[in-house]
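Report on one structure; see the data block that follows.
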Amino acid sequence: MKIAPQTYYAARSRPPSARSVRDAELSKEIMRIHSHPRMRVYGIRKIHAQLVREGIAVGKGRVERLCRSLGIRGTVRGKYPRTTKPAPETGRPLDLVQREFTATAPNQLCEYS
């Protein structure tokens with residue numbers, strides 16, 4: 001994408017927007033909360049609640065966006081969902097009886113060999 005040189009230099013010399021300044025401040029606060037040893041397991045909901053408890057007015061969506069950009073995720077406790085599809089690299093159980101299922105026609109019972 002081409003842009004005019006004047007546009008490039010104007011954008012470079014422009015001061016940071018109010019949103020980016022506020023995001024930088026909130027990112028520091030979020031990292032302060034997340035780096036606390038007892039709060040390291042906090043996810044977006046608890047970090048947002050902690051910020052509101054401390055008197056910092058911020059929306060949940062903004063906290064979610066900043067946490068995502070900082071790579072912060074809450075700790076998942078409990079069991080993970082188990083899938084019913086086995087991974088392709090896992091071996092299938094061997095047929096120890098050496099059975100062969102052959103049908104003479106469609107919708108017919110198989111004959112054992």
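Residue numbers count from 1 along this sequence. Source: prediction; values computed, not measured.
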Completion exercise
Residues Pro16 and Ser20: closest non-hydrogen pair is CB-OG, 3.6 Å

Handout entry: Cationic N near anionic O, under 4.0 Å, Glu25 to Arg22
Key = yes

Problem - Distance, nearest 0.5 Å, that separates CG of Leu26 from CG of Leu51 - result: 7.0 Å

Problem - Gap separating the OG atom of Ser35 from the NZ atom of Lys28, nearest 0.5 angstrom - result: 13.5 Å

Exercise for the section: Of all the heavy-atom pairs spanning Val58 and Val52, show the shortest one and how long it is. Expected result: O-CG2, 4.5 Å

Which pairs would a plain distance check flag for residues 36-46, meaning a side-chain donor or acceptor within less than 3.5 Å of a matching protein atom at least two apart in sequence or in another chain?
from: His36; atom 1: ND1; to: Arg38; atom 2: N; distance (Å): 3.2

Problem - Cluster overlap Val21 with Met31, hydrophobic side-chain contacts below 4.5 Å - result: no

Practice task
Identify, with sequence neighbours excluded, every residue that meets side chain to side chain donor-acceptor pair (under 3.5 Å) alongside Glu29.
Solution key: Arg32

Practice task
Can you establish whether the number of heavy atoms outside Gln6 located under 6.0 Å from its atom CD is more than 12?
Solution key: no

Problem - Sequence neighbours excluded - salt bridge (Lys or Arg N to Asp or Glu O under 4.0 Å) pairs with any residue from residues 57-72 - result: Asp23-Arg62, Asp23-Arg65, Glu64-Arg68

